[in-house]
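Hydrogens, waters and symmetry mates play no part in the numbers below; they use all other heavy atoms, side chains included. Quick note: residue numbers are just sequence positions, from 1.
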Amino acid sequence: MLLKTVLLLTLVAQVLGLENGLLRTPPMGWLAWERFRCNIDCDEDPKNCISERLFMEMADLMAQDGWRDLGYVYLNIDDCWIGERDDRGRLVPDSKRFPHGITFLADYAHSLGLKLGIYADMGNLTCMGFPGTTLDKVELDAQTFAEWKVDMLKLDGCFSTRQERIEGYPKMSAALNATGRPIAFSCSWPAYEGGLPPEVNYTLLANICNLWRNFDDIQDSWRSVLFILDWFVKHQDILQPVAGPGHWNDPDMLLIGNFGLSYEQARAQMALWTVLAAPLFMSTDLRTISPQNVNILQNPLMIKINQDPLGIQGRMILKEKSLIQVFKRPLSGDTNVVVFFSRRTDMPFRYHSSLAKLNFSSSRIYEVSPLPLQPLALPPGVWFPVSW
């Protein structure tokens, strides 16, 4: 019976696919969760609680400090914004922390050339215990978000059953389409099914979602970055082919600018997420971020590589006994980017390789540093971000 249901949903998705033309390159922006979590105590911590004030301040900085102009345009609310459902069953934001409502915040973001993302959860409750989106509320919530002028929806899956997810995610995709407003759709569905076939139908996902979380939540540590990276590498034969313009694998947020990564580790995450064609969602305090972390996140060449219109996800092509890993990503214009990534923890390591060993015939090589560079066009050849 379950197989029949999945096959039916696949056929339905071909008719009711998202078809919104959005996210032809990986989305970029700012997301509240990793840095600010579910801090709702605005009496004790008014500057850092999940509130209208926080998002307006981040929006101002995204516009003023160059983030928007480099492509970081999504200002995304995560969990803990909801107050309740009103007498009509509609979601309403917490009236104390979002006194002017979500439409006001969307208008503010739009006035600065940004886009607003919002969070909901398939099931009775969100992950942090606020009102969720049950199957009977999917269409109502989609219409509400459209009326609020929201530009992206992340739909989580805490407290949902597998059957609710099988029905609910395609239903929300169709409901968003039906509103007539272009709303990018971020699905957490595969993360709740183990991230792999046969439980996860990536053909279906590519038809109904613009991006999806495949695996565990990232935590503010280097160990967490490596844990997620290793899972993506282990399953790259499955994951790499399903990513592309309009539908992306999402290994979760960038930790750069927080507390858990060293400078070298921050550079590494930026390079790795770039070669994986991953969404680039910062989750840091833009009011206090250090200049060196700004330089990493605002590197124009890293962003240009990440946003390459060909949209092919990179993959690991070589793993050395010396604990050096080599990643390659094809780019447009008959160009490739290659990342040398050291897993060593003892000392810097001098690594030698050759174009032949990496299966390249071209002799045109350009070294790219993940440090500030002037914007430039990518010529044909092989690009080597410096190793560390």
(message) I need the C187 SG to N214 CG distance, nearest 0.5 Å.
(response) 11.0 Å

(message) Whether the side chain of T144 engages the backbone of L140 through a donor-acceptor N/O pair (distance < 3.5 Å, no angle test) should be reported.
(response) yes

(request) Work out which heavy atom in N20 is nearest to a heavy atom in A184; give both atom names and the distance. (result) ND2-CA, 4.1 Å

(request) Of all the heavy-atom pairs spanning T284 and F36, show the shortest one and how long it is. (result) O-CE1, 4.1 Å

(message) Would you call the rings of Y202 and W212 parallel, tilted or perpendicular, taking 30° and 60° as the class edges?
(response) tilted

(message) Hydrogens and angles aside, do N48 and R37 bring a side-chain donor and acceptor to less than 3.5 Å of each other?
(response) no

(message) Would you say the rings of F55 and W30 are close, in the sense that their centroids are separated by under 6.0 Å?
(response) yes

(request) Sequence neighbours left out, what pairs pass ring-ring contact (aromatic ring centres under 6.0 Å, His included) with at least one residue falling in residues 103-144? (result) H100-F104

(message) Determine whether a donor-acceptor pair (N or O, by modelled atom type, separation under 3.5 Å) exists between the side chain of R329 and the backbone of Q313.
(response) no

(request) For residues I317 and F327, determine if any side-chain heavy atom of one lies less than 4.5 Å from a side-chain heavy atom of the other. (result) no

(request) Not counting sequence neighbours, which residues clear side-chain hydrogen bond (donor to acceptor under 3.5 Å, both in side chains) with E193? List them please. (result) R162, R165, W189

(message) Quick one: does any side-chain atom of T274 pair with a main-chain N or O of M270 as donor and acceptor, under 3.5 Å?
(response) yes

(message) Please check this pair: side chain of D86 against backbone of R90, looking for a donor-acceptor N/O pair closer than 3.5 Å.
(response) yes

(message) I want to know whether W33 and W81 have ring centres closer than 6.0 Å.
(response) no

(message) Counting C-beta onward and ignoring hydrogens, is there a side-chain heavy-atom pair between Q219 and D217 closer than 4.5 Å?
(response) yes

(message) According to disulfide (SG to SG under 2.5 Å), does anything in residues 215-285 pair up with another residue at least two apart or in another chain? List the pairs.
(response) none

(request) Please check if the distance between the ring centroids of F232 and F215 is under 6.0 Å. (result) no

(message) Given 3.5 Å as the limit, does a donor-acceptor pair link the side chain of E139 with the main chain of A174, or not?
(response) no

(message) If we ignore hydrogens and angles and just use 3.5 Å, is the side chain of N306 paired with the main-chain N or O of A277 as donor and acceptor?
(response) no

